[in-house]
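Below is one structure, written out as structure tokens, with a few remarks after it.
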Amino acid sequence: MHWKAGENALRQANMAVLARASAEQLSALWAKAGLDAEHEMVRGPETGLVTVRGRIGGGGSPFNVGEATVTRATVRLATGAVGHAYALGRDKEKSRISAVIDALWQDETLRPKLTERILTPLARDLENADAAKCSETAATRVDFFTMVRGEDE
Amino acid sequence: MYVAVKGGEAAIRNAHKLLADRRRGDRSVPALRLDQIVEQLALGVDRVMAEGSLYDTELAALAITQARGDMIEAVFLVRAFRTTLPRFGYTCAADTAEMLVERRISATYKDLPGGQLLGPTFDYTHRLLEPELAAGIEPENAETRETSDEAMPRVTDILANEDLIESDGDVAQDKPVADISREPLEFPLQRDARLQALARGDEGFLLALAYSTQRGYARSHPFVGEIRIGEVDLELEVPELPFPVPLGRIRVTECQMVNQFKGSAKAPPQFTRGYGLVFGQSERKAMAMSLCDRALRATELGEDVVAAAQDEEFVISHSDNVQATGFVEHLKLPHYVDFQAELDLVRRMRAEAEARANDSEHWEAAE
């Protein structure tokens, strides 16, 4: 399948939202959206490991920090569209639903519904959670001030 | 003749049943749920993830429960579980400059872009036990404040502008990134292999070594350039997609230790650096790691190797608590045959020694 410029970035952004979404919320939205399509599992859902890399000094050569669990799935719809999902953790149902959403999203006519019923609500909640966390962190910011010691009086 | 002795099956079976019973404890006390451990013993979970070298909060919580709170046993369980899973690949290197920061402090600059953010820290608490916690009193919600969009560059990037500090560490590009979980350790190591070992090394061991460098064994005049804790995005290159696939976020702690360096034949006087990067919120471990990383660079920087913390083979060979506990604890397993052999040997040596003593007494008496 050929992708228009920008399509990849959109698809990647969707996958980022799905990867971070809570399994419960995704299942609930998915059940309510009524978009389920017949599909076969091409791979998985299966859980494995990725080795997490960092960089020496933050920006130098890469090194391996440790491993993390990841679950992935690949589905094929009756239309032939193939969808993939990868996410940290071990939730297989989340992985399967995410892969179906990725496959459905390749049909442009379904995008508005997928976006409105699933991706936007998920993204909004993730953003709100980040914003709440940031504002709590911001409250712990140190405001330095200088004490007037009074010796000039 | 070697005679294999069998036995103890029933005893072992019953001991494990007893273990399960004691682990559960008093049945009138509600059993712990994993989400309670993940939420309320989060730093213990982080430690098990870091030293177990596997980021998965729920598995770490399960391991802590199964191990009855014995952290090294929990780390062991996590390590063992790791070996049962296939490996999908190596992530793209996480960018800590893009971290969603939950804590960020510098001991070298008061005013720095992005500010000093204390976050959920034990620092400045009075270390007094709080009876309210025992009484189950719910705390107030956290305070909030408007956030700024100010960027939060790594402190070392700020210092680097003046060229008074060495740049981020590079190892030779012509070799693949070391992976000590795939390849056996071969000394001397490159810095990437050392950091991987330190990242999963025992916090207590690394803390003690780091402390020894401060007390004068391989003194390195350290300053905390920056500690930051928060979530970083992970991405994985996969063949089926034309872009790196996002995996979600993990929480890490990064420590940039800045050390005085008087210069050598190879390098001008400047600040050198030690680096720490650890899974979870593990500030003490990240600091210890960065101090050990710096101490272990002695040879690279032309310093004399005079202390334990600078001895790569000593530090890295003994930093893994699963290996350490395996070898120490194996001593309690039956060594009946070995001991019988040694007992026999000592008896013979004793008999010979006594025979020699008797001989010399004869000589003395004769004289």
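Throughout, protein chains are lettered first and strands after them, A, B, ... in sequence-line order, and every chain is numbered starting at 1.
Looking at Q256(B), its side chain does come within 3.5 Å of a backbone N or O of G57(A) through a donor-acceptor pair. Proximity of a side-chain donor or acceptor of N64(A) to a complementary backbone N or O of A178(B) within less than 3.5 Å is detected. A donor-acceptor pair is defined here as one N or O able to donate and one able to accept, closer than 3.5 Å; such a pair exists between the side chain of T91(B) and the backbone of R53(A). Side chain of D168(B) to main chain of G59(A): a donor-acceptor pair is present (N/O by atom type, distance under 3.5 Å, no hydrogens or angles).
Q12(A) has its side chain out of reach of V245(B): every pair of non-hydrogen atoms, C-beta onward, lies at least 4.5 Å apart. For the pair V50(A)/R87(B), no side-chain contact is recorded, criterion being any heavy-atom separation below 4.5 Å from C-beta on. Using a 4.5 Å heavy-atom threshold, the side chains of L100(B) and K133(A) count as touching. The shortest side-chain heavy-atom distance between P86(B) and L49(A) does not fall under the 4.5 Å cut-off. The side-chain heavy atoms of F243(B) and R11(A), taken from C-beta on, include a pair separated by under 4.5 Å.
Ion pairing between a basic and an acidic side chain is recognised when a charged N comes within 4.0 Å of a carboxylate O; R249(B) and D130(A) show such pairing. A salt bridge links R43(A) with E240(B): at least one charged nitrogen is closer than 4.0 Å to a carboxylate oxygen. We find that E136(A) and R145(B) are not joined by a salt bridge, their nearest charged nitrogen and carboxylate oxygen being 4.0 Å or further apart.
Taking chain A as the reference chain and counting heavy-atom pairs below 4.5 Å, the highest number among T147(B), I180(B), D233(B), D111(B) is found for T147(B). By number of non-hydrogen pairs under 4.5 angstrom with chain A, the leading residue of E146(B), K110(B), E143(B), R200(B) is K110(B). Top candidate by heavy-atom pairs under 4.5 Å with chain A, chosen from E231(B), R82(B), R104(B), is R82(B).
In this structure, chain A has heavy atoms under 4.5 Å from both the backbone and the side chain of L54(B). Both the backbone and the side chain of Y86(A) come within contact range of chain B, judged by heavy atoms closer than 4.5 Å. For Y55(B), the parts lying near chain A are the backbone and the side chain together; criterion is any non-hydrogen pair under 4.5 Å. Within the 4.5 angstrom heavy-atom criterion, atoms from both the backbone and the side chain of E58(B) approach chain A. Within the 4.5 angstrom heavy-atom criterion, atoms from both the backbone and the side chain of L59(B) approach chain A. S148(B) touches chain A through its side chain: at least one heavy atom from C-beta onward sits under 4.5 Å away, while N, CA, C and O do not.
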Audit row: T140(A), T121(B), side chain to side chain contact (heavy atoms under 4.5 Å, CB included) steps and yes/no: CA-CA 10 Å; T140(A) 68; T121(B) 181; over 6 Å; no

Determine whether E67(A) and S181(B) satisfy the following criterion, side chain to side chain contact (heavy atoms under 4.5 Å, CB included), listing intermediate values before the conclusion. CA-CA 10 Å; E67(A) 281 153 347; S181(B) 71; 3.9 Å; yes

Passes side chain to side chain contact (heavy atoms under 4.5 Å, CB included), Y90(B) versus V52(A)? Steps please. CA-CA 6 Å; Y90(B) 295 92; V52(A) 177; over 6 Å; no

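Residues V65(A) and A199(B) share a closest heavy-atom pair of O-CB, 3.6 Å. Of all the heavy atoms in R141(A) and L117(B), the pair that sits closest is CB-CD2, 3.5 Å. Across Q196(B) and F63(A), no two heavy atoms sit closer than the pair N-CD1, 4.1 Å. The shortest heavy-atom contact between T47(A) and L85(B) is O-CD2, 3.9 Å. Q116(B) and F144(A) make their closest contact through CG-CE1, 4.0 Å (heavy atoms, listed as atom of the first residue, atom of the second, distance). Smallest separation of non-hydrogen atoms from A19(A) and P246(B): CB-O, 3.7 Å.
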Side-chain donor/acceptor pairs under 3.5 Å, residues 29-42 of chain A, sequence neighbours excluded:
unit_1	atom_1	unit_2	atom_2	d
H39(A)	ND1	A37(A)	O	2.9
H39(A)	NE2	R96(A)	NH1	3.1
E40(A)	OE2	R76(A)	NH1	2.9

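Both the sub-6.0 Å distance and the 45° axial angle are satisfied by R72(A) relative to the ring of F88(B).
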